[in-house]
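What you see below is based on every heavy atom in this structure, not just the backbone, and it leaves out hydrogens, waters and symmetry mates. Note on naming: letters A, B, ... go to the chains in the order of the sequence lines (proteins, then strands), and numbering restarts at 1 for each one.
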There are 2 protein chains.
Amino acid sequence: MREVTLKQIAENLGISITTVSKALKNYSDVSKSTKERVKEEAKRLNYKPNVFAVNLRTKESKTVGLIIPEVVHHFFSSVVNGIIEQAEKKGYLVIILQSNESYKLEKKQIDLLIRKRVDGVMMSLANKSIDIAHLKELQSHDIPLVMFDKISKMVNCSKIIINDRKAAYEATKHLIDSGCKKIAHFRGALQPQNSIDRFLGYKKALEDHGLPYDSSLVYLCENVDYEDGRRAALQLLKDKKDVDGIFAITDMAATGAIAVFNEKGIKVPDDISIMGFSNWFLSQAITPSLSTVDQPGFEMGKKSFKLLYKEMKAKKKGVPFEPKTVVLDTYVIKRNSTK
Amino acid sequence: MREVTLKQIAENLGISITTVSKALKNYSDVSKSTKERVKEEAKRLNYKPNVFAVNLRTKESKTVGLIIPEVVHHFFSSVVNGIIEQAEKKGYLVIILQSNESYKLEKKQIDLLIRKRVDGVMMSLANKSIDIAHLKELQSHDIPLVMFDKISKMVNCSKIIINDRKAAYEATKHLIDSGCKKIAHFRGALQPQNSIDRFLGYKKALEDHGLPYDSSLVYLCENVDYEDGRRAALQLLKDKKDVDGIFAITDMAATGAIAVFNEKGIKVPDDISIMGFSNWFLSQAITPSLSTVDQPGFEMGKKSFKLLYKEMKAKKKGVPFEPKTVVLDTYVIKRNSTK
DNA sequence: CTGAAAGCGCTTACAG
DNA sequence: CTGAAAGCGCTTACAG
């Protein structure tokens with residue numbers, strides 16, 4: 001099937017390409033009757049504008065890029081969902097790339113998106129990204145950028161985040177309020193800001209409530225996953241620390257711990273209370289169901305695109321745009337892994 | 001920052017645009033020294049070809065579309081992962097769209113991808129899609145199509161599937177082999193082929209092993225999710241059917257059932273064995289861990305792109321391409337929810 | 001080995 | 001109200 005062009009419509013109707021183009025775009029300087037004839041013919045031929053040509057002329061692709069550390073991940077897939085739903089409403093398509101938490105790959109993906117001339121980029125930083133040269137490069141091409149969840153304070157762009165420290169504080173406080181006296185923390189890698197912030201929130205909550213902070217109760221979960229949670233829980237048992245509560249950095253790590261306790265016949269929450277973080281689907285499906293902190297992924301995705309859209313629109317109009325930082329609310333969800 | 005063009009390089013070097021273009025693409029009819037000069041200057045200026053112009057000339061976008069029912073879904077996100085990893089290797093970008101299991105939306109997404117002139121499309125059919133006019137439309141534009149998991153037999157295109165009937169047969173057989181005598185089935189909606197096939201596999205396994213098929217032991221889980229599994233399990237208990245095994249259409253439904261039994265003090269697998277389907281991450285994290293059938297999402301994504309790539313290449317060369325159907329292996333994974 | 005020229009299919013400033 | 005023309009930035013068949 002030969003693709004239909006403006007030229008073909010023009011020839012069929014015996015008018016110029018210019019007029020056809022303007023008629024289809026409802027320019028005011030085209031007569032009503034001509035518009036009707038053109039639109040009818042376009043419909044009849046099932047005309048679809050050649051986006052390649054439109055892109056070249058308008059210097060816009062109506063496409064945005066999204067870089068996330070991992071696709072197979074409840075939180076990020078929720079973000080993706082929020083983004084593509086919102087983008088669709090505004091007629092934008094979304095190209096998704098993965099960084100696999102690698103700095104090198106993230107750099108490569110940014111470069112791909114620059115080459116592709118996307119109209120904007122949304123991203124959550126890879127754990128191993130320290131340098132931000134690639135983001136500066138992106139911005140030097142005048143491509144609007146929005147960061148979410150894992151951000152860099154060094155980059156001047158819009159950001160959508162939660163208050164990790166506060167959220168972790170409240171999670172820990174929930175354990176304290178329910179009677180825990182000796183609370184361990186399964187923390188994430190040393191690098192990422194949100195791992196640091198959650199740790200600090202935990203520490204602060206202890207201090208504010210008269211519980212001594214003990215660094216030997218902090219276990220490292222490098223990958224914040226199920227296996228890490230299992231390992232940390234087994235180590236905790238070996239250490240015989242007599243802990244009565246755990247605040248885990250993610251639901252996955254918390255789930256690993258619960259699995260270990262279930263196997264060993266240790267009762268959750270009677271013997272030990274467990275608090276997760278994120279409110280992944282998982283947390284309501286395990287036994288006992290997991291108390292956690294809700295992290296609004298879908299909302300974060302939606303807001304990310306909305307902000308990006310605003311910036312793209314401002315850029316198009318040549319209006320200056322002031323980057324914004326939006327902090328989304330989180331809240332503790334009590335289930336059966338805490339008293 | 002003004003974008004660098006071939007013209008600029010040509011002017012800087014005092015040669016023609018043609019030669020610059022050819023030098024950068026390593027045409028054999030350009031002198032070595034010119035190539036070197038051009039490449040050096042391109043690098044110095046950080047030249048990036050304008051893809052919009054390249055697309056227009058080559059009529060290729062190096063972009064493919066992907067339509068899935070839901071992004072937030074372990075299986076589909078695994079497929080997405082396989083696809084974008086493979087696409088990246090070949091220099092393709094992936095646009096992801098969601099159908100939300102709706103026929104109308106699926107149609108719209110197909111239309112978007114046609115307009116966008118993607119080089120190819122991969123998709124898993126929405127549950128509510130019966131009509132295939134939109135897929136015919138896609139093919140009439142000569143855009144290669146690969147379907148995976150949920151396919152339509154009416155469309156002549158490459159397909160990547162599993163043998164649902166066989167997989168369900170083996171899952172049921174596993175229950176029988178472990179001693180179950182009265183096995184219920186939590187089935188999916190009546191429409192989708194894979195829901196039908198899994199039901200048929202269940203039925204066939206009973207018949208082949210001398211167990212009577214009893215339609216009152218088949219419970220409908222319209223959305224094949226956690227809530228459906230809970231509902232079905234509660235109904236099953238109410239019905240007092242004295243069942244000693246359940247084959248659930250998905251891990252989610254199985255997980256809902258396990259949660260109900262855990263709450264009611266019914267021992268899994270001692271009182272009742274449960275078999276899931278898909279091997280989502282979830283299934284190893286719950287207590288007891290869930291026996292299931294592994295459904296290779298990542299592999300399916302990889303293969304989907306590979307086949308699509310072959311077809312796109314054939315099309316470009318003008319070589320005829322014969323659609324293939326690939327059936328991926330599945331296997332039973334025994335965990336603690338069965339004896 | 002180099003380059004002038006046509007053309008991909010649009011959009012839009014401008015002339016009439 | 002209509003249309004000729006320029007131009008977006010490439011690629012490539014062709015001439016020299």
Calculate the interatomic distance between [X] atom [atom1] and [N] atom [atom2]; express it in whole Å.
X: A:Leu13; N: D:dT2; atom1: CG; atom2: C1'; value: 13 Å
X: A:Ile15; N: D:dA4; atom1: CD1; atom2: P; value: 11 Å
X: A:Lys22; N: D:dT2; atom1: NZ; atom2: P; value: 9 Å
X: B:Glu11; N: C:dG3; atom1: CD; atom2: C1'; value: 15 Å
X: A:Asn55; N: C:dT11; atom1: CG; atom2: P; value: 11 Å
X: A:Asn26; N: C:dT12; atom1: CG; atom2: P; value: 14 Å
X: A:Gln8; N: C:dG9; atom1: CD; atom2: P; value: 11 Å
X: B:Glu60; N: D:dT12; atom1: CD; atom2: P; value: 10 Å

At less than 4.0 Å, is any side-chain N or O atom of [X] found next to OP1 or OP2 of [N]? Yes or no.
X: A:Tyr27; N: C:dT12; result: yes
X: A:Thr58; N: D:dC8; result: no
X: B:Tyr47; N: D:dG9; result: no

Item to check | Distance-only donor-acceptor test, B:Thr18 side-chain atoms vs C:dA4 base atoms, 3.5 Å | outcome: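 Yes, the side chain and the base share a sub-3.5 Å donor-acceptor pair.
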
Checklist entry - Would you say the base of D:dG9 and the side-chain of A:Lys59 have a donor-acceptor pair closer than 3.5 Å? => result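 Side chain to base: no pair present.
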
Checklist entry - Which class fits the ring pair B:His73 and B:Phe75: parallel under 30°, tilted 30 to 60°, perpendicular over 60°? => result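 B:His73 vs B:Phe75 ring planes: perpendicular.
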
Checklist entry - Backbone N or O of A:Ser99 within a donor-acceptor pair of the A:Glu106 side chain at under 3.5 Å? => result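 No.
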
Nearest to the [X] side chain among [options], which nucleotide is it?
X: A:Thr19; options: D:dC14, D:dT2, C:dT12; result: D:dT2
X: A:Lys25; options: C:dC10, C:dT12, D:dC10; result: C:dT12
X: A:Arg57; options: D:dG7, D:dG9, C:dT2; result: D:dG7
X: A:Asn50; options: C:dC10, D:dT12, D:dG9; result: C:dC10
X: A:Ala53; options: C:dC10, D:dT2, C:dG3; result: C:dC10
X: B:Ser21; options: D:dT12, C:dT2, D:dT2; result: D:dT12
X: A:Ser31; options: D:dC8, D:dT12, D:dT2; result: D:dT2
X: A:Val54; options: C:dC10, D:dC14, C:dT12; result: C:dC10
X: B:Thr34; options: C:dC1, D:dG3, C:dT11; result: C:dC1
X: B:Ile17; options: C:dG9, D:dT11, C:dT12; result: D:dT11

Next on the checklist: Using a 4.0 Å heavy-atom cut-off, does A:Lys7 contact any base of the nucleic acid, only the sugar-phosphate backbone, or nothing at all?
Outcome noted: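 The residue A:Lys7 makes no contact with any strand.
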
Checklist entry - Can you check side-chain hydrogen bond (donor to acceptor under 3.5 Å, both in side chains) on A:Asn50 and B:Lys59, steps first, answer last? => result CA-CA 10 Å; A:Asn50 184 319; B:Lys59 298 183 184 301; over 6 Å; no

Checklist entry - Considering all heavy atoms of both residues, which atom of B:Gly301 and which atom of B:Ile83 are nearest to each other, and what is their separation? => result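 Shortest heavy-atom contact: O-CG1, 3.2 Å.
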
Checklist entry - Of B:Ser16 and A:Phe52, whose nearest nucleotide on DNA chain C comes first from the 5' end? => result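 So the residue in question is B:Ser16.
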
Next on the checklist: Which is more 5' along DNA chain D, the nucleotide nearest B:Pro49 or the one nearest B:Asp29? Just name the residue.
Outcome noted: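 The 5'-side residue here is B:Pro49.
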
Item to check | salt_bridge(B:Lys48, A:Asp111) N-O dist < 4.0 Å | outcome: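 Answer for the salt bridge query: yes.
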
Item to check | Complementary nucleotide for D:dG3 - Watson-Crick or wobble, under 3.5 Å | outcome: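 With both distances under 3.5 Å, D:dG3 matches C:dC14.
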
Item to check | Stepwise salt bridge (charged side-chain N to carboxylate O under 4.0 Å, His left out) check, A:Glu101 with A:Lys150 | outcome: CA-CA 11 Å; A:Glu101 301 286 10; A:Lys150 295 198 281 180; 3.1 Å; yes

Checklist entry - Hey, which of A:His134, A:Gln139, A:His141 is the one that makes side chain to side chain donor-acceptor pair (under 3.5 Å) with A:Glu137? => result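 When side chain to side chain donor-acceptor pair (under 3.5 Å) is applied between A:Glu137 and each of A:His134, A:Gln139, A:His141, only A:His141 qualifies.
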
